[in-house]
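Here is the structure we will look at, set down as structure tokens.
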Amino acid sequence: MELLNQLRNEETITDFFRTECEDEGICIEVDEDVDEDSILIIKVDDFYNSFNVETRPPSVDCLIIQHCESGIYKVYLIELKNMERTKHIDKVNLIEKYRTTLFDFISDRYRHIFNEFEFKTYLWLCAGKVTEDKIRNYSLDFLLSLDHIKFRGLWLGVCGFPPVPTIKSC
């Protein structure tokens, strides 16, 4: 859990740690079998929104780092969209959110931490229309047409999920 410990000791991001990944009324569940100490949730969007600049770089809503018993880490870049229709999702901006988080946050600002560890990276988009009494799921097939991102020698594509997906135990 050394990656998690190093991140937890990084004073520049501690204000952005959260107990859940939630935005726009959509959240990511963490399975009850997952030890809460093995998960760290960073609200990356809040981190970038805290910058006192006119134009803030686009970034994903949450970065979830999970330590698995095998010693492997899983890093989830999660964007949450509570939308009437998927056609309202700006596809170019969506990819830029993942790029900023991968290349600026992970590979630049906090490279002194992340570069020491091997991890599997997952790009998630959780989209649908959520109201108090119902959840409407959409087809997220448009994600197949999005550009893939090369990161650490691997090509990553965005995976789509209906509202309230679950981070499972490794």
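Computed from a prediction, not measured in an experiment: that's the story for all the values here.
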Subject >> Nearest heavy atoms of S169 and V34, plus distance in Å >> reply: N-CG2, 3.4 Å
Original post:
Please walk me through it: do V75 and Q66 pass side chain to side chain contact (heavy atoms under 4.5 Å, CB included)?
Top reply: CA-CA 6 Å; V75 175; Q66 179 181 23; over 6 Å; no
Original post:
Going through the distances and angles, do I149 and L102 end up as a side chain to side chain contact (heavy atoms under 4.5 Å, CB included)?
Top reply: CA-CA 9 Å; I149 301 169; L102 288 168; 3.8 Å; yes
Original post:
Are R152 and N115 side-chain neighbours, meaning at least one heavy-atom pair lies under 4.5 Å?
Top reply: yes
Subject >> Nearest heavy-atom neighbours spanning C27 and P165 >> reply: O-CD, 4.0 Å
**OP:** Could you tell me the separation between the CD1 atom of I64 and the NZ atom of K74, rounded to the nearest 0.5 Å?
**Re:** 12.0 Å
**OP:** Please check if V92 and L123 belong to a single hydrophobic cluster, counting links between Ile, Leu, Val, Met, Phe, Trp and Tyr side chain heavy atoms closer than 4.5 Å.
**Re:** no
Original post:
For the residue pair V60 and I78, what are the closest heavy atoms and their distance?
Top reply: CB-O, 3.5 Å
Original post:
Looking at side-chain heavy atoms only, is the closest gap between I42 and I13 below 4.5 Å?
Top reply: yes
Original post:
In this structure, which one of Y122, F119, F117 forms a ring pair (Phe, Tyr, Trp, His ring centres under 6.0 Å) with Y73?
Top reply: F117
Original post:
Which heavy atom in T100 sits nearest to a heavy atom in P57, and how many Å separate them?
Top reply: CG2-CB, 3.9 Å
Original post:
In Å, rounded to the nearest 0.5 Å, how long is the span from OH of Y48 to OG of S59?
Top reply: 6.5 Å
**OP:** Using the rule that two of Ile, Leu, Val, Met, Phe, Trp, Tyr join whenever any of their side-chain heavy atoms come within less than 4.5 Å, decide whether I167 and I72 are in one cluster.
**Re:** no
**OP:** Give a yes or no on whether the ring-centroid distance for F151 and Y98 is below 6.0 angstrom.
**Re:** no
Original post:
What heavy-atom pair brings L7 and L40 nearest, and what distance separates the two atoms?
Top reply: CB-CD2, 3.6 Å
**OP:** Indicate yes or no for a side-chain donor-acceptor contact from D61 to the backbone of L80 under 3.5 Å, with no hydrogens or angles considered.
**Re:** yes
Original post:
Within a strict 4.5 Å, meaning less than it, do heavy atoms of the S50 and F16 side chains meet?
Top reply: yes
Subject >> Separation between SG of C21 and CH2 of W124, rounded to the nearest 0.5 Å >> reply: 9.5 Å
Subject >> Electrostatic pair D46:R18 at N-O distance under 4.0 angstrom >> reply: yes
Subject >> salt bridge (Lys or Arg N to Asp or Glu O under 4.0 Å) partners for D104, two or more places apart >> reply: R109
**OP:** Consider only side-chain heavy atoms of I, L, V, M, F, W and Y, link residues closer than 4.5 Å, and tell whether F114 and L154 are in one cluster.
**Re:** no
Original post:
Between S38 and M1, is any pair of side-chain heavy atoms under 4.5 Å apart?
Top reply: yes
Original post:
With sequence neighbours excluded, what pairs up with Y110 under the side-chain hydrogen bond (donor to acceptor under 3.5 Å, both in side chains) test?
Top reply: T12
Subject >> Common cluster, V53/F103, ILVMFWY with side-chain heavy-atom separation under 4.5 Å >> reply: yes
Subject >> Main-chain N/O of G25 paired with E22 side-chain donor or acceptor, under 3.5 Å >> reply: yes
Original post:
Can you check side chain to side chain contact (heavy atoms under 4.5 Å, CB included) on L94 and E79, steps first, answer last?
Top reply: CA-CA 8 Å; L94 180 66; E79 180 64 16; 3.8 Å; yes
Subject >> Residue pair T166 / V30, side-chain heavy-atom distance below 4.5 Å >> reply: no
Original post:
Do the side chains of L4 and I65 get nearer than 4.5 Å, heavy atoms only?
Top reply: yes
Original post:
Could you give the distance from OH (Y76) to SG (C126), rounded to the nearest 0.5 Å?
Top reply: 14.0 Å
Subject >> Pair E10 + R8, salt bridge at N-O below 4.0 Å >> reply: no
**OP:** Please report the C-alpha distance between H148 and K150 in whole Å, then the side-chain angles of each, then the deciding distance to 0.1 Å, and finally whether the side chain to side chain contact (heavy atoms under 4.5 Å, CB included) criterion is met.
**Re:** CA-CA 7 Å; H148 283 65; K150 191 170 187 178; over 6 Å; no
Original post:
Is any side-chain N of the basic residue among D33 and K168 closer than 4.0 Å to the acidic one's carboxylate O?
Top reply: no
Original post:
How far apart are the closest heavy atoms of P163 and A127, and which atoms are they?
Top reply: CD-O, 3.4 Å
**OP:** State plainly whether one hydrophobic cluster holds both W155 and V158, where clusters connect Ile, Leu, Val, Met, Phe, Trp and Tyr through side-chain heavy atoms under 4.5 angstrom apart.
**Re:** no
Original post:
Just wondering, do E116 and Q6 contact through their side chains at under 4.5 Å, heavy atoms?
Top reply: yes
Subject >> Value rounded to 0.5 Å, distance of CD in E20 from CD1 in I39 >> reply: 13.5 Å
Subject >> D45 vs K97 side-chain heavy atoms within contact, under 4.5 Å >> reply: no
Original post:
Is the backbone of E96 close enough, under 3.5 Å, to the side chain of R99 for a donor and an acceptor to pair up by distance?
Top reply: no
